[in-house]
Amino acid sequence: MSLSPAFLDELRMRTTLSSVIGRHTKLQKAGREWKACCPFHKENTPSFTVNDEKAFYHCFGCGAHGDAIRFLTETRGLSFIDAVKELAEQAGMQVPAPDPRAKERQERSANLRDVTEAAAKWFTEQLHSNAGAGARAYLERRGITPETSQTFALGYAPDSRGSLREALKQFGTDMLVEAGLLICPDDGRDPYDRFRGRLMFPIRDPRGRVIAFGGRILGDGEPKYLNSPDTPLFDKGRTVYNLDLAGPASRESDRIIVVEGYMDAIALHQAGIPEAVAPLGTALTENQMALLWRIVEAPILCFDGDSAGQKAAMRAVDRALPAIRPDRTLAFVTLPAGQDPDDVIRAGGLPDLQRSFADPQSLDGFLWNYIRAEIAPKTATARAKLKSRLNDIAQSIGDPAMRDEFGREFRDRFWNAFGWKKREVDLVREAIVATSGSARLQGLDLYIRAILLGLSRYPQIVTAKAEQVQSLKPKDETLQRWRDLLISAAFERPGLDDDMIETILADAEMDSIERRHIWRDLGFSFFYRKSDSETAKRDLEAAIDTIARSQELEHSLERVGTALAQAAETEEFESVWNRESERRRQLMAERQRLHDELETLGEAAA
């Protein structure tokens, strides 16, 4: 059976060589390659290397060398065609049936490359002709130098329906249509040039051969960018722009940067960052990511910071999540809203951009920021939605280890943003134990401790009753620190609504004595988890108001006592005594009434 070189190239591109060899031989990561003891001869020190990017293996000991097909034929004795069939099945490809016209199609593909190369040359000639003046002016405005234009073989398609067809008529209309350069109307009209009035960007395969084109409209018109259709040479979903130049550059920088468009990749190359590629008018596809993962472990997505740019990045992430692994992930650099790399560079921001590329945002960091901004978790319902969405994202990850780690990372981030920090939980637990029992606390401190327990269960009441909570003046220093911690946490994290008491009780390492210290004090409705939350919150607010008023009464009673003491030395003693005594009687009655109110709400710690 004769198989075309194009099919075999595609098969090798879709096959990760290390995964094929790894089923037979234990591989160990070594930088950008894999190493192992050679499966073809006995050795104790690894001299066998596997390079996924170049799709070959090599042994420096015995000289064994080949690709995935060769490995299967050598290690398992498979025939060439059987090895191809096995690899094709794993790659989701169908081996072409025997066809006497295969050779003809192979020759036709070679001829199509002649067509695209000739078209690229013609477009470049047009750019430097009188007709290309407008395109040259556009490149000059964008800061593209003649040297950069030559490097990327930029060209111009005249605004004419038949100029290219006439210029390349030696190839014939059918060949030009098949190469995607002409459009053949369904109504029987003559074919006409696909690209008209556009700046032209040749799209090359990893070997630098022109296989398709992209064109940007100059002036008014839609679409702004137009790509070649899929052809025997070109599959848009499996090709990235500029890989022929970015691939070799990435071996020195150990990174690949994915930008949104052709001009972004060109601008970065011109600025000294040549390892930039671009998808072709769509969100980054699974096949494009697989191609990039063969080069680096974490391609950097550098998209606009506006809504459209971030949504494009998120679409790529959604496609990547099922396939990510510890050695296959994504990283991110977000540009200022409304700016592309060219804007940033021309505004003098290249040093900042280079620093961002040197320290990009991780995938989990991007997801946290994106989903949090999307949901805006300002309410309990929104926070529940955020938690659920993050959990769904973690569960969509195919690799078990990555799935577990992302789930843990999202929980930690959520906890740090909206929950209690470990040091806060530890301090409150220590305060609960230290202030338990009647021996240490006296008077209002017993009730203030009860309030602090309630606020630890319902922290949102801290902000609702901020003035009253701040006015709580316990004499005990531990209670003071406990109060200050609750106030600080509630104002630092306005969405804080997690129940710290349950968090403390759920600690598996907590000893039984500490648990008894907590449960012993649960007398008010706002202590019990099973209490109706609205009733508990209402009771807690009432208790806070009562304690705050009680403190005011205590201060008033102190002032009455001071007035009586001072009156003993004056001639108006009797009148002052009568007045202040009546005032004291009223205050004492009010204090008793407040005490009774507290008792109706629950029992304080005894």
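Bear in mind that the values here come from a model prediction, so they are computed numbers and not experimental data.
- Within 6.0 Å of CZ on Arg23 lie more than 12 heavy atoms contributed by other residues, nucleotides or ligands.
- Put simply, the side chain of Glu222 does not reach to within 4.5 Å of the side chain of Ile217, judged on heavy atoms.
- You'll find the side chain of Val259 stays beyond 4.5 Å of the side chain of Asp340, heavy atoms only.
- Take Arg423 and apply the salt bridge (charged side-chain N to carboxylate O under 4.0 Å, His left out) test, not counting sequence neighbours, and it matches no residue.
- Rounding to the nearest 0.5 angstrom, the gap separating the CZ atom in Arg294 from the CG atom in Leu292 is 11.0 Å.
- With values rounded to the nearest 0.5 angstrom, Leu154 atom CG is found 10.5 Å from Met200 atom CE.
- Scanning for ring pair (Phe, Tyr, Trp, His ring centres under 6.0 Å) contacts around Phe60 gives His58, with sequence neighbours left out.
- By the salt bridge (charged side-chain N to carboxylate O under 4.0 Å, His left out) test, Asp352 pairs with Arg355, sequence neighbours left out.
- At distances below 3.5 Å, at least one donor-acceptor pair connects side-chain atoms of Asn227 with backbone N or O atoms of Leu280.
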Next item on the list: Carefully, step by step, assess Ile324 and Phe406 under the rule side-chain contact (heavy atoms from CB on, under 4.5 Å).
Entry: CA-CA 11 Å; Ile324 66 168; Phe406 270 64; 4.2 Å; yes
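- The ring pair (Phe, Tyr, Trp, His ring centres under 6.0 Å) search around Phe7 returns none, not counting sequence neighbours.
- Ser362 and Asp364 are linked by a side-chain donor-acceptor pair at a separation below 3.5 angstrom, with hydrogens and angles left out of the test.
- Side-chain contact between Pro341 and Ile257: absent, with no pair of heavy atoms (C-beta onward) separated by less than 4.5 Å.
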Note to self: I'd like to know whether Asp9 forms a salt bridge (charged side-chain N to carboxylate O under 4.0 Å, His left out) with Arg12, so could you lay out the CA-CA distance, the side-chain angles of the two residues, the decisive distance to 0.1 Å, and finally the verdict.
What the structure shows: CA-CA 5 Å; Asp9 284 347; Arg12 294 184 184 100; 3.5 Å; yes
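- In this structure, the side chain of Arg194 does not engage the main chain of Ser228 through any donor-acceptor pair within 3.5 Å.
- With a 4.5 Å cut-off on side-chain heavy atoms, Thr231 and Thr116 do not count as touching.
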Next item on the list: Could you go through the salt bridge (charged side-chain N to carboxylate O under 4.0 Å, His left out) check for Glu409 and Arg413 one step at a time?
Entry: CA-CA 6 Å; Glu409 178 66 21; Arg413 286 178 180 269; 3.0 Å; yes
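- Distance alone, capped at 3.5 Å, places no donor-acceptor pair between the Glu374 side chain and the Leu386 backbone.
- For the ring-ring contact (aromatic ring centres under 6.0 Å, His included) with Phe213, the lone residue among Tyr241, Phe123, Phe201 that qualifies is Phe123.
- Remark: the backbone N or O of Ala384 is not paired with any side-chain donor or acceptor of Ser388 at under 3.5 angstrom.
- A 4.5 Å side-chain heavy-atom check between Leu72 and Glu86 finds at least one atom pair inside the cut-off.
- Glu286 places no side-chain N or O within donor-acceptor distance of the main-chain N or O of Ala323, the cut-off being under 3.5 Å.
- Using a 4.0 Å cut-off between a side-chain N of Lys or Arg and a carboxylate O of Asp or Glu, Glu424 and Arg493 qualify as a salt bridge.
- Arg32 places a side-chain N or O within donor-acceptor distance of the main-chain N or O of Ile295, the cut-off being under 3.5 Å.
- Side chain of Ser18 to backbone of Asp52: no donor-acceptor contact under 3.5 angstrom is found.
- Heavy-atom neighbours of Glu492 CD from other residues, nucleotides or ligands within 6.0 Å: above the threshold of 12.
- A distance of 13.0 Å separates NZ of Lys311 from CG of Asp304, quoted to the nearest 0.5 Å.
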Item checked: Derivation of the side-chain contact (heavy atoms from CB on, under 4.5 Å) call for Leu350 and Ile273 -> CA-CA 10 Å; Leu350 180 59; Ile273 306 175; 4.0 Å; yes
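- By the 4.5 Å heavy-atom criterion applied to side chains, Phe152 and Leu245 are counted as neighbours.
- For the atom pair CZ of Arg319 and CE of Met289, the computed distance is 7.0 Å after rounding to the nearest 0.5 Å.
- Inter-residue side-chain proximity for Trp368 and Ile393 is flagged as unmet; no heavy-atom pair is nearer than 4.5 Å.
- Ion pairing between a basic and an acidic side chain is recognised when a charged N comes within 4.0 Å of a carboxylate O; Arg113 and Glu117 show no such pairing.
- Arg14 is listed as a side-chain neighbour of Arg238, based on a closest heavy-atom distance under 4.5 Å.
- Using modelled atom types, no side-chain atom of Asn51 and backbone atom of Glu33 make a donor-acceptor pair closer than 3.5 Å.
- Sorted by first and then second residue, the ring pair (Phe, Tyr, Trp, His ring centres under 6.0 Å) pairs with a member in residues 369-394 read Phe366-Tyr370; sequence neighbours excluded.
- Note: Phe48 and Tyr57 have tilted aromatic rings, judged against thresholds of 30 and 60 degrees for the angle between ring planes.
- Residue Glu178 holds its CD atom at 4.5 Å from CG of Leu112, rounded to the nearest 0.5 Å.
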Margin query: For Arg216 and Tyr138: C-alpha separation, side-chain torsions, deciding distance, then whether side-chain contact (heavy atoms from CB on, under 4.5 Å) applies.
Written below: CA-CA 11 Å; Arg216 189 199 190 283; Tyr138 172 81; 3.0 Å; yes
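- The environment of NZ in Lys421 is crowded: more than 12 heavy-atom neighbours from other residues, nucleotides or ligands sit within 6.0 Å.
- One distance of note links CG of Leu363 with CG of Leu321; it measures 6.0 Å at 0.5 Å rounding.
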Next item on the list: Begin with the C-alpha distance, continue with both residues' side-chain angles, and end with the deciding distance and a verdict on side-chain contact (heavy atoms from CB on, under 4.5 Å) for Leu367 and Met314.
Entry: CA-CA 8 Å; Leu367 283 166; Met314 189 63 205; 3.5 Å; yes
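- At distances below 3.5 Å, at least one donor-acceptor pair connects side-chain atoms of Glu43 with backbone N or O atoms of Cys38.
- In the displayed structure, Glu89 atom CD is contacted under 6.0 Å by at most 12 heavy atoms of other residues, nucleotides or ligands.
- Without hydrogens or angle criteria, Asn242 side chain to Ala278 main chain gives no donor-acceptor distance under 3.5 Å.
- Tyr225 meets the ring pair (Phe, Tyr, Trp, His ring centres under 6.0 Å) test with Tyr262; sequence neighbours excluded.
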